[in-house]
Structure formats: C-alpha cells, structure tokens
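Let me begin by presenting the structure, written as structure tokens, before commenting on it.
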Amino acid sequence: MKKIDFKKELNKEQYGVVTAGNGPHLVLAGAGSGKTRTLVYRAAWLIEQGVRPEKILLLTFTNKAANEMIERVRKLLSIKNNDKFPLWGGTFHSVANRLLRIYGKQIGIQSDFTILDRDDSDKLFKTIGKELFKNISAKNKPAPALLRETISFANNSKISIEESLEHKFPEWLPLLAYFEKVATEYKRRKKESNVLDFDDLLLEWKVLTAHPDVAKIFAKKWEYVLVDEYQDTNVIQAEIIFNLSREHKNILAVGDDAQSIYSFRAADIRNILEFPDKFKNCQLHKLETNYRSTPEILNLANQIIADNGNQFKKNLKAVKDSHTRPELVALRSNLEEAWFVADRVDQLLDRGMNAKGIAVLFRAAHHSQALEMELNKRGIAYEMRGGLRFFERAHVKDVLAYLKVLGNFRDEVAWLRILEMYEGIGPVTAQQLYRRIVEIKDIKELPDSKIELASKAGNSWSKIMEIFTRLIRSEEQNVGKLLNIIINPYGDYLSEKYTDYRQRQDDLDQLVIFASEYEALDLFLHEISLQETFSGREGRQEDGGNIVLSTIHQAKGLEWDAVFVISMTDQSFPHPLCVREEEKEEERRLFYVAATRAEKYLYLTYPLSMFRYDGHKSLKASPFIVDLDSNLFQHNELSRGVTYASDGVEYVVDEDYKESDDNGFLPDASDW
C-alpha cells in the first residue's frame, strides 16, 4: 500500500479535516473548496491508520459520486482493480437496499422484495385512484404523480398529508380525506405485494437502525461514517445517520449550509445548522479556500450570502489571481436582454473561449424563451441542461397545436395531439374523428358541423368545439390574445396531469408574452416552425461543443469560465411565491450558488420591462441586487445607482475596463 504525504498534497484546512481524530466532525465546505478531495483523503487516511475498509461507510447522493470517490481512494492507496476493496459506499437508497435484504426480516420485510420506481408507483396510484375517486369528476381528480409527490413529501419530511398538501398543493386541500385514504391503501397494497418504493427504503432503514438487535450489529459493522452533501439530507436521513453514529460517534459530515437549495425535495437545512447541538463535542471545520473563482467573484458571493441570518459564517478566499469585476447590466426589455447575452456570448467565442465553458443560468425554466429564440437566429448551438428546449415542452406543443390547426385546418399531427388530450378519445377514435373533420371544406364551418359521439368522447368534443368556436369567431388578430383563449381552459388539464403545473403555467405565460408581438398568425407559425426544426448543432462552434442553458438548481456542483445569470428582476428572483423569511433565505442561497459557478467572468442581467399584449409591464432589479455594494460591479448606464455605494460616492463606469488581464478586448457593459 502506497504511503501518502498528506501534508504535501492538501492545504492546511483540508489537512486539518483529513487528520482529525475520533468523534463528531462537521465540515463546512465552501463552494470550490475541494470537499470531494477532502472526503477521499479522509477515507485514505483512516485506512492508513489501520482502519479496515469495511469498517468505513461513505454516504452520498449519487451512485456516480460514490463510485468515483471509492475509485479515487483505491488509486490513492495503490490498490489494484482486481484486489478486494470492501469499503462501504453508495447513495442512501442503494445502501438501504443492500441492508434491508440482509436484515429486513427482523422488521417483517422479506428479502426478495421488489422496488417500485416512479412509473410503477404512478400506475398503482392510478389504479387506487380509479377505485376511490369514483364519485369525483375527472376534472377534479388529482393526477397519480400529484398523489405520489404529496405522500412522498409527507414521508420524507415527517409531516402529515394535510401539512404536505398545505405546503405543496394547497388548492387540493378540499380532497384531503381522499388523499389520506389513498395513502393508507397504497401502503396496504405495497405490503400485500411485497414491494417497497424509494421512500420505503429510507423509512425501513431508519426502523432497522432503531431495532435493538440490528442497532448492535450496525454499531460493530462500521466504526466511521462519512457523509457528503449533508445540507441536502431530509429528516429521515438525518435520523439514520444519528442512529448509526450513536455508539461510536465517529461521524464526519461534509456540507455547505450556504448551498442548501432543495427544500422542495424535503431537504432540511436545520439538519446541518443543528448538527453541533445534536452531536455533543462536535468539532467544526471550515474549508474557505476557493480554487474555482477569481477574488472579484468571491467578494460578490461573500456579500450575497452575508444577509442570511440562519447560517454558519464563512468567507471564501481565492487562490486565483485578480481579474475583472462582475458586470451588472440593466436592459430596457427582455428582448434587449436576450440580444445583450447573445452578443456577449459571440464576443467570448470570437476570443477563443470554448463554448462548453459558457453557461446561462436562470431561476425558472420559462426565463430561457427569449434567449433561445435569439441564439437560434444567430446559429449559436446550445444545450438545455436538465430539461427540454422551450418549444419542445409538451404543454407548449399542446397549446400551439390549436393555432396550427387554425393556420392549417388539415394538419393531422396537430389535430391528433389535440384530440388525444381529452378523456374518452384514444388513438383509434382520434383517427376516425380526423377523417370526418377533413371532410369539412372550411374551418369556419367547423362550429356548425354535426359530429355525434358517445358519452365521454362526446363531452370532450363539445369542449374542443367551444375553444375552436371562440378562436374562429374572434376578431382578434394579436396572437397573444388568441393563445389566451386556448390557455384558460387548458389550465384544468395542466393541474390534472402534472405536479409542476405552476411552472408549466409560467411557460405558457411566457409564450403569450412572446406571441403578443405578432399580429399575423402565419408569421408567428413560421417563426415557431424555425424554432422547432433548429438542430442546435448548426453553429460555428461545432468542435467546441455547445454553450449551456440551465436552471440554477440543475447547475449546482458545476462550473464554467463565464456565467450569465439572467432575469434578475423583482418579479423573478426571489420567486414571487417565496414570501416567508426562510423561503427568501433559500432564494438568496440559490443566488449564491449561481454566482459561485463562475470561474472568470460573471454577468448579472435584468430587463426593466416586458412587453405583453396589454402593454408594457415595468420591472425592477431583484432586491438581492439592490442590497449589494455598487463597487463590486462593472455597471452599464441603466444599472448605475441601483445598488448602494458603500463609500457614499456615486459609482462611475470604469473607462479602462476594456483591457482584460490577458489583453483581450471585450466591450464593457456601458455600451448598452
């Protein structure tokens, strides 16, 4: 086994964590501070001290991360691939699965249980729903996925179904009794079928850790527990960790409270904040040396997070040399914002930056629409991280299908998409209906056509005709107003089918804003067809890959040379639904995560207005921006004065900013 020079290979902060003695340790690992490296070396150090690998349990949130860490430990210790290396490592769920198959019989779980994935769970919820929701109209039935998410959130947060609904979907509270019946029946059927879902893996593992006989086995099985991304744990996971470490207390948890952004998945920031209270005599370590970003970016990031009250104070320090300050750019409209970002991306690419080193981040997916249009027009290839391009999203395609039929009455694909959305109309009925529809000579004759259908299909056809009658007889030319005729009734379908219907409604609102610029349907449909057929790989930077567009949540853990954070308005960031102080603090942490993704260049942009069919809507800078020191930024004319000046002096745009540290030329934000 190779002898490692830990002092030489680690910085002082990392070395202190890696060589810490026994007992509980909480490691507050700032963004870009090398937390994974620290965990890997900690495991290697323990093994060098004589701890057998099988006595170490390493828990993280993805199998990929766990496998990579185990391989890095193996490599550090020069252990050959074909040699046995029994270090326990994996996600909470994968480790739970292994343990329940070995010890589950102690709590009544057979070792041959099968695991339900989300699709399996939704099918079971659909079956149960059909039985229990017989007396409820289709319009008022919650989707299987909505039932699953409500019950799952309750399980992972240790709260009631009622509390889960209040938090996630308050509009469904009138059906609370039905939700509770479904939860009870779902649990019964899983037990009867010898199946567990993902939540059960954690819940039953927690039961195992509290079982007197099994708890003794676990106490001897592992002498050290290492946990990654502790700020992302939920209540159940925190209890599992506490129970596993109760006897030996050799727990080392690594995380960053400043990057706790997943409360919607039941992650609880209190787990990391209260860790020192739960584990007495806990040693607190801070990794504050940042290897990712420039000092200017870190100065901004440190001030962003400083306003949060519930946190461990940290101060990130840069290893990199000084570069240029982040830019704060206000634009007159969301279209100008898209033009600015596309222009700046063009400039970065012209200077030789790899496209894969550029990312545009946003608070919500619908903020990408205007920029996607502009990038497509310019042939700048992009990758949508963690989601679909705007015009590929199912709900967007659904409502556009109505307009396509309005523009081309014989569009079979559009008609079939519309018809199959409705209850009682399957693929066969839809095809039969389409053949009868195209017998009609003119779309204006459609409302008066006599198409007879049985029961559910007939009711659905009536609803379709109501929408088309309004569209055909409407004297409106503005495409945004036509879309509103479609979207209003479509909202019911959204809430029935999707758990994230609010976000999808936001997409449709954005579509209306975009469509409001068009007074001719044919021109709008032509523009849309170009967007739908754009391959995303026709840009000039083929060899350099694509730039990345991503929500901030999807970007956590990643990094790029240049990062744009767009739509930083008072209506977007923090999210309008986040009104409680703890919610605003999580939104500020999200802003912090966005800023700390940037290595060299950081741009924060926001529009001062947004065009709608009913006029312009005025916008202001996000309050998170307003609170920041003006001297941390490069400003353009429109953004000057929006932030406070710490020295009491009005901020002036630097005239020498055009000279970057590598003598490359970039027009400064004042050009806008």
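Keep in mind that the numbers below use all heavy atoms, side chains included, and drop hydrogens, waters and symmetry copies. Numbering of residues begins at 1 and proceeds along the displayed sequence. Computed from a predicted model, the values in this text were never measured in an experiment.
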Exercise. Using the side chain to side chain donor-acceptor pair (under 3.5 Å) rule, take E9 and Y41 through it: C-alpha gap first, then chi angles, then the decisive distance, then the call.
Key: CA-CA 9 Å; E9 297 188 26; Y41 274 79; 2.4 Å; yes

Measure centre to centre between the rings of [X] and [Y], then say whether the value is under 6.0 Å.
X	Y	value
F153	F264	no
F362	F573	no
Y15	F6	no

Determine, for [X] against [Y], whether the closest basic-nitrogen to carboxylate-oxygen distance falls under 4.0 angstrom.
X	Y	answer
E71	R74	yes
E192	R189	no
K123	D119	yes
E229	K35	yes

Quiz item: Judged by modelled atom types alone, do N308 and Y592 share a side-chain donor-acceptor pair under 3.5 Å?
Solution: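 Short answer, no.
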
Quiz prompt | side chain to side chain donor-acceptor pair (under 3.5 Å) contacts in which one or both residues fall within residues 273-286, not counting sequence neighbours | solution =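 Of all non-adjacent pairs touching residues 273-286, those that pass side chain to side chain donor-acceptor pair (under 3.5 Å) are H25-H285.
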
Quiz item: Knowing that exactly one of I70, V95, L59 qualifies, which makes a side-chain contact (heavy atoms from CB on, under 4.5 Å) with W88?
Solution: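 Output: one option passes, namely V95.
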
Quiz item: Is R504 close enough and on-axis enough to Y498, meaning under 6.0 Å and within 45°, for cation-pi?
Solution: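 Yes, a cation-pi geometry holds between R504 and Y498.
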
Quiz item: Among K314, R588, R589, whose salt bridge (Lys or Arg N to Asp or Glu O under 4.0 Å) with D257 holds?
Solution: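 Single salt bridge (Lys or Arg N to Asp or Glu O under 4.0 Å) partner of D257 among K314, R588, R589: K314.
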
